Amino acid sequence: MSTLKLFSPARLGNIDLKNHIVMAPMTRNRATSDNVPGQIQAIYYTQRSSAGLIITEGTSPSPNGVGYPRIPGIYTKEQIEGWKLTTDAVHKAGGKIFLQIMHSGRVSSILNLPEGAEVLAPSATSPEGDIYTDKGGMQPHTTPKEMTSDDIKKAIEEYTLASVYAIEAGFDGVELHAANGYLLEQFISPDTNRRTDEYGGSIINRSSFVLAVVKSVIEAIGTNRTAIRLSPYGVNAGMTLYPELDETYAYLVEELNKLGIVYLHMVDHSAMGAPEVPKQLKQKIRELFKNTLIQCGGYNRESAEEDLQSGFADLVAFGRPFISNPDFVARMEEGAELNAPDFNTFYTPGETGYIDYTALS
Ligand SMILES: Cc1cc2nc3c(=O)[nH]c(=O)nc-3n(C[C@H](O)[C@H](O)[C@H](O)COP(=O)(O)O)c2cc1C
C-alpha cells in the first residue's frame with residue numbers, strides 16, 4: 001500500500017472522500033434519446049467510482065444550453081429520473097459525485113437544440129469554425145441572439161432549478177461550468193461580452209452574471225453543495241486572452257471565496273495546447289481561495305502528489321486517463337501500465353470506447 005497523500009482519505013465540505021483523486025468532467029455524448037442519461041452512463045461512472053470524487057460531463061440546465069449532440073440535460077423529469085440510475089449506483093459503490101452544469105451559450109448549432117430552443121449569448125458573436133451536428137454533419141456555429149435582461153433572469157433561474165433537480169436526482173453537489181468558453185465564461189471575457197448594461201464593461205460588471213448564478217444556486221442548495229470551474233488563459237471555443245485577464249480572475253476568485261462555495265476547480269489547459277497559466281496568477285488564486293481548491297490539467301501521480309504536499313492543490317483532477325482506465329486509481333497506486341485512450345470514440349454514441357475499457361483483474 002502506498003503512503004502517498006493522493007491515495008489517503010480527504011474531506012470536501014461535509015462529505016468524506018476515499019482519496020484525493022477527482023475524475024474531471026468529460027463530455028461523452030452518449031445521451032442518445034432526448035438528452036436523457038440512462039443505464040449506460042450509470043455503468044460508465046460506476047466503473048470509475050474508485051475516484052474520491054466524480055464530476056460528471058457537462059449537463060445542460062436548459063434546452064437552450066444543449067450546444068452539442070447527445071449531451072445530457074437536467075431540465076426534464078426523464079433526465080432527473082435517468083440521472084438517479086447513476087447516482088444510486090455510484091453511491092452504492094462508495095463513490096461521491098457532483099453534476100457539472102454546462103450551458104453552452106454561443107458554442108452551438110440550432111440543429112443540436114431541441115425544437116423551440118434558441119442559441120443565446122451575452123453578445124451576438126460566434127466562435128470561428130464549424131461545430132458537429134448529428135443532423136447535418138459539420139456546420140457553422142449559429143449566430144447567437146444577444147440576451148435581453150429577461151433572458152438573463154431566466155438563465156439564472158434555469159441554473160438554479162437545475163441545481164435543485166441535481167440534488168433531487170441524488171448528486172452530492174453541482175459544479176457550475178464557468179470554464180472552456182461556455183456561457184458563464186462568455187460573460188467573463190470582454191471579447192465575447194460586449195454589453196453596455198450592468199452585465200458588461202468593467203471587471204465587476206462582467207463578473208456579475210457568474211456571481212448572480214452562484215449566489216442563487218447557494219440560496220437554493222447551500223454552500224456545501226455549490227462549486228465552480230474556471231479556466232483562465234483557456235482558448236477553447238474561440239476564447240482569447242485580454243489585458244485585464246489576471247485582474248478579472250483575481251476579482252472573481254476573491255468574490256467566490258467570500259461566498260463560501262465548497263470548492264473551486266482550476267484547470268490549466270496547456271497540456272492540451274492552450275497557453276500556460278502564469279505561475280503568479282496560480283499562486284494568487286491559491287492565496288485568495290481558502291476552501292478546497294482542485295487543480296487539473298496534465299497531472300500524473302508524481303506531479304499530483306507534489307502539488308498536494310505543497311498545499312498548491314487540495315485535490316487533483318485527472319481527465320483523459322479516466323476515459324481509458326476505469327481502475328485508474330488502482331493502476332496509479334500499483335504503478336501499473338495505463339490503457340491508451342482511443343480519441344476516435346471520445347464523442348461517439350454507444351458502448352465502444354465508453355464502457356468496454358478493461359480493468360486489471
Ligand atoms: C473527451 C473530453 C471531454 C471533455 N469535456 C469536458 C466537459 O464537459 N467539461 C469540462 O469542464 N471539461 C471537459 N474536458 C476537459 C477535462 O475536464 C480536463 O480539464 C482535461 O482533459 C485536462 O485534464 P487531463 O490532462 O488530466 O486530461 C474534456 C476533456 C476531454 C478529453
Side-chain angles (χ1 to χ4, degrees), residues 5-6 10 12-13 17 20-26 51-56 58 98 100-102 173-182 184-189 203 206-207 210-211 213-214 223 226-237 239 241-242 244-300 303-322:
K5 189 166 182 187
L6 193 57
L12 176 67
L17 310 181
H20 288 71
I21 299 163
V22 178
M23 177 178 164
M26 286 179 290
L53 176 70
I54 293 172
I55 305 165
T56 71
F98 270 49
Q100 188 185 55
I101 302 185
M102 168 174 113
V174 303
E175 175 180 289
L176 298 165
H177 193 354
N180 302 354
Y182 299 107
L184 290 169
E185 194 189 354
Q186 289 160 30
F187 271 90
I188 299 171
S189 164
I203 289 174
R206 283 185 279 105
S207 303
V210 174
L211 293 172
V213 170
V214 173
T223 48
T226 306
I228 198 166
R229 189 175 218 215
L230 300 175
S231 60
Y233 286 80
V235 291
N236 189 51
M239 298 313 279
L241 308 187
Y242 45 93
E244 65 277 40
L245 193 152
D246 290 23
E247 220 188 313
T248 301
Y249 279 90
Y251 169 76
L252 198 52
V253 170
E254 205 171 355
E255 294 304 307
L256 290 167
N257 183 62
K258 283 186 205 157
L259 292 174
I261 54 172
V262 70
Y263 73 74
L264 168 61
H265 186 175
M266 296 303 302
V267 50
D268 177 339
H269 273 151
S270 53
M272 298 174 98
E276 217 168 302
V277 184
K279 241 200 161 89
Q280 220 183 341
L281 178 62
K282 287 186 172 181
Q283 288 302 347
K284 175 104 189 150
I285 288 171
R286 171 69 281 189
E287 279 161 33
L288 289 170
F289 195 76
K290 312 294 181 199
N291 261 353
T292 298
L293 186 60
I294 304 179
Q295 301 285 1
C296 179
Y299 275 99
N300 59 31
S303 56
E305 181 65 18
E306 197 180 311
D307 281 355
L308 289 171
Q309 289 293 345
S310 74
F312 176 64
D314 297 313
L315 300 171
V316 175
F318 298 84
R320 289 162 290 178
F322 266 114

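The figures that follow rest on heavy atoms only: side chains count, while hydrogens, waters and symmetry mates do not. Worth saying up front: this structure is predicted, and the values here are computed from it rather than measured.
- Note that CG of L53 is 6.0 Å distant from CD1 of I294, once rounded to the nearest 0.5 Å.
- One finds the CE atom of M26 at 11.0 Å from the CD atom of Q100 (value rounded to the nearest 0.5 Å).
- The closest side-chain heavy-atom distance from F98 to V262 is below 4.5 Å.
- Using a 4.5 Å heavy-atom threshold, the side chains of S231 and N236 count as separate.
- The aromatic rings of Y299 and F318 sit perpendicular to each other, their planes meeting at more than 60°, with 30° as the lower class boundary.
- P25 places none of its side-chain heavy atoms less than 4.5 Å from the side chain of H177.
- Heavy-atom minimum distance, N291 versus G260: ND2-O, 3.6 Å.
- A 4.5 Å side-chain heavy-atom check between Y249 and I188 finds at least one atom pair inside the cut-off.
- The heavy-atom pair separating G181 from M239 by the smallest distance is CA-CG, 3.4 Å.
- Contact check for K282 versus M266: no side-chain heavy atoms found under the 4.5 Å cut-off.
- Atom SG of C296 and atom CG of L315 lie 11.5 Å apart (nearest 0.5 Å).
- One finds the CD1 atom of I101 at 8.5 Å from the OG1 atom of T56 (value rounded to the nearest 0.5 Å).
- Here the CZ atom belonging to F187 is positioned 12.5 Å from the CG atom belonging to L211, to the nearest 0.5 angstrom.
- Side-chain N or O atoms of S303 include one that pairs as donor or acceptor with a backbone N or O of N300 at under 3.5 Å.
- Qualifying side-chain contact (heavy atoms from CB on, under 4.5 Å) partners for E247, counting only residues two or more places apart in sequence or in other chains: I203, E244.
- Between S270 and Y233, every side-chain heavy-atom pair lies at or beyond the 4.5 Å cut-off.
- Rounded to the nearest 0.5 angstrom, I285 CD1 and Q295 CD are separated by 8.0 Å.
- Contact detail for V253 and L230: the closest heavy-atom pair is CG2-CD1, 4.0 Å.
- When all heavy atoms of L245 and P232 are compared, the pair lying nearest together is CD2-CB, 4.0 Å.
- Between L288 and L256 there is no side-chain heavy-atom pair separated by less than 4.5 Å.
- Looking only at side-chain heavy atoms (C-beta outward), H20 and V316 stay at 4.5 Å or farther from each other.
- The minimum heavy-atom distance linking D246 with L281 is given by the pair O-CD1, 3.8 Å.
- Taking each heavy atom of Y263 and E175 in turn, the nearest pair found is OH-OE1, 2.7 Å.
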Audit row: K284, E287, salt bridge (Lys or Arg N to Asp or Glu O under 4.0 Å) steps and yes/no
CA-CA 5 Å; K284 175 104 189 150; E287 279 161 33; 5.4 Å; no
Hey, mind stepping through V210 and I228 against side-chain contact (heavy atoms from CB on, under 4.5 Å) and telling me if it holds?
CA-CA 10 Å; V210 174; I228 198 166; 3.7 Å; yes
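- In terms of modelled atom types and a separation under 3.5 Å, the side chain of R286 and the main chain of L293 share no donor-acceptor contact.
- The pair K290-D314 fails the salt-bridge criterion, with no side-chain N (NZ, NE, NH1 or NH2) lying under 4.0 Å from an Asp/Glu carboxylate O.
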